[in-house]
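First the structure, in the form of structure tokens, and then the observations on it.
In what follows, chains are A, B, ... by sequence order, proteins preceding strands, each numbered from 1.
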Protein chains: 2
Amino acid sequence: MILDHAARLFRQRGYAETSLRDIATVCGMKTASLYYHFASKEEIVTEVLNTGVATVSEEARRRVDLLGPDAAPAERVHAAISAHLHALLEQDDYTGANIRIFGHVPPHVRAATMQSREQYEQWWRDVLADAAERGAIRPGTDLAHLRLLLLGAMNWSVEWHTPRPGKSVAAIAASLTALALHGVFVEGLKLRKRPLRTKTRKPKSWKPSLP
Amino acid sequence: MILDHAARLFRQRGYAETSLRDIATVCGMKTASLYYHFASKEEIVTEVLNTGVATVSEEARRRVDLLGPDAAPAERVHAAISAHLHALLEQDDYTGANIRIFGHVPPHVRAATMQSREQYEQWWRDVLADAAERGAIRPGTDLAHLRLLLLGAMNWSVEWHTPRPGKSVAAIAASLTALALHGVFVEGLKLRKRPLRTKTRKPKSWKPSLP
DNA sequence: GTCTATAGATAGATAGAC
DNA sequence: GTCTATCTATCTATAGAC
């Protein structure tokens, strides 16, 4: 399918960096043939963007609804995080393309795909507001910041995650859920004194990876 | 300064979406004049990217070092988060441009700016590893995930933050630090029963904003 | 449905006058 | 240092044959 190839290229290279010639080539055809199926590059990218939101939105709703209406808020948040990351990193290329190129498409294309994005964002507001109403979220928490920071932590993973055996997306979801639930710091702990060092830290070799 | 204008346009519009003509225009000159100062568009973007990393790196080290070597790990992490967000959203356009376009520049430009990025990333590893060694981080925490998720939550803010009176960057830093330290969920709580509803949730009007 | 051929616009980059 | 003029490449898109 043409859109599948387009989504993959957009996710990998970006919008402006992907020409119709590139898309046509991986589809095994010439540039002009694309115009039998689509009116313009903007029509192609609009469909890719909308499909991307639909994919992650449906997956997230499905996974959360599966838990039933009386599941613990923490379970619901974990399901939402897990589903979002799955759609973004494993399901197909549409959601990842949306996240990577949305801010780089022409303004009227952004406007045309904004509404579906907003609806999905609203669903996240509802999930967190529901948890708060049920008393599961610490009073005083800024729910808007919480939502934006969680979505940011997830969305940015398209910049650094590379599928590898032993590096499961489920583990990322578990890490982020744990972070959201109870953080990572030990509190009320008597800190160990900083050990004396003559050198800074182990200059151990590290693999290049974003960011 | 030419690079200042270039950084602003790259951050606002993206790399491919910003032409040398655009940069020249806001500089009050013609395209050809840029070639007296720079050899190519790639040279311009390389300098912008490297300056972006230098800015955030210097600001973060400065802010953390200011606390002294025996400051509590939580204080150091808060300073690091606060400095990163400040550089990204308030200081100038270089860091924001780096975050937004790094994944969209030609591969050899990415390679040429990778090293400074890696060094800054390594500094974050050191900050978190130091906190862990001092016993401040819950055992079993995946430090690589923690770093990537924190940087993601921060970096993604370039996609949604718009400077507005009453919406301080310090508040975002406080929210993320609180999230990292102790999370937002109330634990061991007897959950309130979900209130019965005839309709879903308030369909209240909401303002468009990313994501 | 896919092709060849090409139009029309715009990009990065260069030559040379001032 | 900045300009005008221009080169060359590439892009989106169209026309029309098969």
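Between the side chains of B:Asn98 and B:Arg117, at least one donor N or O sits under 3.5 Å from an acceptor N or O. Side-chain polar atoms of A:Glu59 and A:His84 form no donor-acceptor pair below 3.5 angstrom.
Annotation: cation-pi pair A:Lys41/A:Tyr15 present, NZ/CZ under 6.0 Å from the ring centroid and within 45° of its normal.
For A:Arg61, there are no salt bridge (Lys or Arg N to Asp or Glu O under 4.0 Å) partners, not counting sequence neighbours. Contacts of A:Leu3 classified as side chain to side chain contact (heavy atoms under 4.5 Å, CB included), with partners at least two apart in sequence or in another chain: A:Met1, A:Phe38, A:Ile44, A:Glu47, A:Val48, A:Tyr94.
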Whether each nucleotide of nucleotides 4-18 of chain D has a protein heavy atom under 4.0 Å at its base (B), only at its sugar-phosphate (S) or at neither (-) is summarised, 5' to 3', as B------SSBBB---

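Counting to the nearest Å, the C1' atom of D:dC3 and the NE2 atom of B:His37 are 12 Å from each other. One can place CG of B:Leu34 at 13 Å from P of C:dA11, the figure rounded to the nearest angstrom. The distance between atom CZ of B:Phe38 and atom C1' of D:dG1, rounded to the nearest whole Å, is 13 Å.
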